[in-house]
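The structure presented is a predicted model; accordingly, all values stated were derived computationally and were not measured. Naming: A, B, ... by sequence-line order, numbering from 1 per chain.
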Protein chains: 2
Amino acid sequence: MDASTALNIYREQLKKYIDFNEAEWIIFSQHLSINQLKKKQYFSEPGKVCDKVAFMIKGTVRYYHIKDGQEITGYFSFENEFVTSYKSFLTGLPGLTYIQALEDCLLITFTHRDLDQMLANPMLAYKVEKFGRLVAEETIICYEDRVASFITQTPEERYLQLYNTGKDILRRMPQHYIANYLGITPVSLSRIRRRVLTGVK
Amino acid sequence: MDASTALNIYREQLKKYIDFNEAEWIIFSQHLSINQLKKKQYFSEPGKVCDKVAFMIKGTVRYYHIKDGQEITGYFSFENEFVTSYKSFLTGLPGLTYIQALEDCLLITFTHRDLDQMLANPMLAYKVEKFGRLVAEETIICYEDRVASFITQTPEERYLQLYNTGKDILRRMPQHYIANYLGITPVSLSRIRRRVLTGVK
DNA sequence: CCACTTTCTTATCTTTTGTTAACGTTTCCT
DNA sequence: AGGAAACGTTAACAAAAGATAAGAAAGTGG
């Protein structure tokens, strides 16, 4: 895929949040970069500041932490979703999360510095503020549901909910990553699946 | 406390996000209401749209769901924090959460309709957009940490972290609410506390 | 001030999850 | 193609959490 196709996809997807006119888009797009990741490359690593927000044109990433020498996968991103270590990006402090490409990825990114420049530009400031607010609000809604699932549901119920709504994750991610995502071990998820899918035991 | 004192506190606290000049504040504050809740009254209830964002001047609330006839407390808000059922407010759809006063509360609120009016007012739009973005981003950071705690920590580790950083919750909330907040039962938290605080068993 | 509710702990028992290890299968890499 | 790594399941055991109930302590509201 060439750069201009990718940018057009981005512009189209952004209409969900904000509709730039031609003049605005010319300036906005000057702050964008194309970023390609080979499988297993990192978009972000613990100890480093994640100073970019990416939009996934093609590919998938997973977010994971290391605890006691073990990888624990907390999240995934797919096509047409944003990718960043939000807290690190917003605070400018080093993050704790690996963000790793699971397939070759094509990303469109802007840096925090570019964001600041856009917010300082009267041509763009208002729409970029709105863009930021809407993306942040959408993110909050996802988190609200996710936290509620940890508070009110058992691991088995979380799996069933994912089974009914999370086809992308189930289809495209290995099961031991999904187990982490649900807050349980891979062995435990294997047992839950036997209970749920076969009715045995 | 009288209304003007409360509004001054609000204005002062908002400086963390945005600094309104006199003219702006006059307009902004016309969209604010004072809202008092007696202990046990509800700020929001399941099945109803939460169409207000509140700022807590005085008091505390808890957020809870009902599951299988049981209350499950998911969150708390204290003085100088925002209070809303974010998803319901943003989508305009009925929420699932009770937000209940645990003490008599003094709140400053604006409705979604007022927010729309402010965003439509060129005098305020830019600063209110920014205000919304910054509050949303702060909320995301809290959620990111909270989800990480469910993914990477055991209930005991979550309790210890709260013990080291969450003095307000520990000091002001009954233990069975805290248990829910940590994603466990009150009985289980009582056992964890014995293990942790006495070293027994 | 007294009854009533709420809160917390403890005990017992059951269920679930974690841990570790083994095994077969699939996928990956060169 | 062939060796290595990754993946999913299962088993056995230990550890933890859930459910339920009982009782003590603290707080609440007439």
Side-chain angles (χ1 to χ4, degrees), chain A residues 38-41 60 62 64-73 76 98 100-104 149-160 162-163 169-201, chain B residues 38-41 60 62 64-73 76 98 100-104 149-160 162-163 169-201:
Chain A
K38 287 272 175 216
K39 186 170 175 170
K40 303 217 174 174
Q41 275 192 315
T60 53
R62 71 168 174 133
Y64 69 93
H65 295 239
I66 300 268
K67 190 199 178 191
D68 304 331
Q70 292 251 307
E71 297 180 0
I72 302 181
T73 298
F76 314 99
Y98 293 90
Q100 184 189 41
L102 293 175
E103 314 165 4
D104 292 355
S149 82
F150 283 116
I151 294 289
T152 66
Q153 295 186 299
T154 63
E156 181 169 323
E157 289 169 331
R158 288 202 291 281
Y159 173 71
L160 285 172
L162 190 67
Y163 188 82
I169 291 180
L170 287 182
R171 204 161 11 85
R172 298 175 67 175
M173 293 296 152
Q175 192 170 308
H176 62 297
Y177 293 165
I178 296 172
N180 294 161
Y181 171 76
L182 295 172
I184 57 180
T185 62
V187 176
S188 188
L189 177 56
S190 185
R191 285 187 293 230
I192 286 171
R193 276 165 48 82
R194 188 180 51 182
R195 282 205 304 266
V196 165
L197 300 176
T198 73
V200 172
K201 237 196 160 185
Chain B
K38 287 273 176 216
K39 185 171 177 172
K40 303 217 173 170
Q41 275 193 314
T60 54
R62 69 168 176 135
Y64 69 92
H65 295 239
I66 300 269
K67 189 198 178 192
D68 304 330
Q70 292 251 305
E71 297 181 0
I72 302 182
T73 298
F76 314 99
Y98 293 89
Q100 184 188 43
L102 293 175
E103 314 165 3
D104 292 355
S149 82
F150 283 115
I151 294 289
T152 65
Q153 296 185 300
T154 63
E156 180 168 324
E157 289 169 331
R158 288 201 292 280
Y159 173 70
L160 285 171
L162 190 67
Y163 188 81
I169 290 179
L170 249 33
R171 203 161 10 85
R172 297 176 66 177
M173 293 297 153
Q175 192 171 306
H176 63 296
Y177 292 165
I178 295 173
N180 294 160
Y181 171 77
L182 295 171
I184 57 180
T185 60
V187 176
S188 190
L189 178 55
S190 184
R191 285 188 293 232
I192 287 171
R193 277 165 49 83
R194 187 179 51 183
R195 283 205 304 266
V196 165
L197 301 176
T198 73
V200 172
K201 237 195 159 186

Round to a whole Å and report the spacing from [atom1] of [X] to [atom2] of [N].
| X | N | atom1 | atom2 | value |
| --- | --- | --- | --- | --- |
| A:I192 | C:dT15 | CD1 | P | 16 Å |
| B:I72 | D:dA17 | CD1 | C1' | 15 Å |
| B:M173 | C:dT6 | CE | P | 17 Å |
| A:R172 | C:dT27 | CZ | P | 17 Å |
| B:K40 | D:dG27 | NZ | C1' | 11 Å |
| B:E71 | C:dT6 | CD | C1' | 12 Å |
| B:Q70 | D:dT20 | CD | C1' | 11 Å |
| A:L170 | D:dC7 | CG | P | 16 Å |

Quick one: closest heavy-atom pair of A:Q100 and A:K40, and the distance?
->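 In terms of heavy atoms, the two residues are closest at NE2-O, 3.3 Å.
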
In Å, rounded to the nearest 0.5 Å, how long is the span from CZ of B:R195 to CD of B:E156?
->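 If we round to the nearest 0.5 Å, B:R195:CZ and B:E156:CD are 4.5 Å apart.
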
Measure from the side-chain N and O atoms of B:D104 to the backbone N and O of B:K39, and report whether any donor-acceptor pair falls under 3.5 Å.
->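 Checked: pair present.
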
Is there a donor-acceptor contact under 3.5 Å from the side chain of B:R158 to the main chain of B:Q153?
->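 Confirmed, B:R158 side chain pairs with B:Q153 backbone.
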
Counting only heavy atoms not in B:E103, do more than 12 fall under 6.0 Å of its CD?
->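 Yes, the 6.0 Å shell around CD holds more than 12 heavy atoms from other groups.
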
When you compare the protein's N or O atoms with those of nucleotides 9-13 of chain D, which come within less than 3.5 Å of each other, and at what distance?
residue, atom, partner, partner atom, Å
D:dT9, OP1, A:R193, NH2, 3.3
D:dT9, OP2, A:Q175, OE1, 3.3
D:dT9, OP2, A:Q175, NE2, 2.5
D:dT9, OP2, A:S190, OG, 3.3
D:dT9, O5', A:S190, OG, 3.4
D:dA12, N6, A:R191, NH1, 3.4

Taking the side chain of B:K39 as its heavy atoms from C-beta onward, which of D:dC7, D:dG18, D:dT28 lies nearest to it?
->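 So the side chain of B:K39 is nearest to D:dT28.
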
Would you please name every residue forming a side chain to side chain donor-acceptor pair (under 3.5 Å) with A:Q41, sequence neighbours left out?
->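 Once residues adjacent in sequence are excluded, A:Q41 has no partner under the side chain to side chain donor-acceptor pair (under 3.5 Å) criterion.
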
If only side-chain N and O atoms of B:T185 are considered, is one of them under 4.0 Å from the OP1 or OP2 phosphate oxygen of D:dA17?
->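 For B:T185, the contact criterion (side-chain N or O under 4.0 Å from OP1 or OP2 of D:dA17) is not met.
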
Compare side-chain N and O positions of A:H176 against OP1 and OP2 of D:dA6 and report whether any pair is under 4.0 Å apart.
->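 Negative; the distance criterion is not met.
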
Extract all donor-acceptor atom pairs below 3.5 Å that involve side chains of residues 176-188 of chain A and protein atoms in other chains or at least two apart in sequence.
residue, atom, partner, partner atom, Å
A:N180, OD1, A:T73, N, 3.1
A:T185, OG1, A:S188, N, 3.2

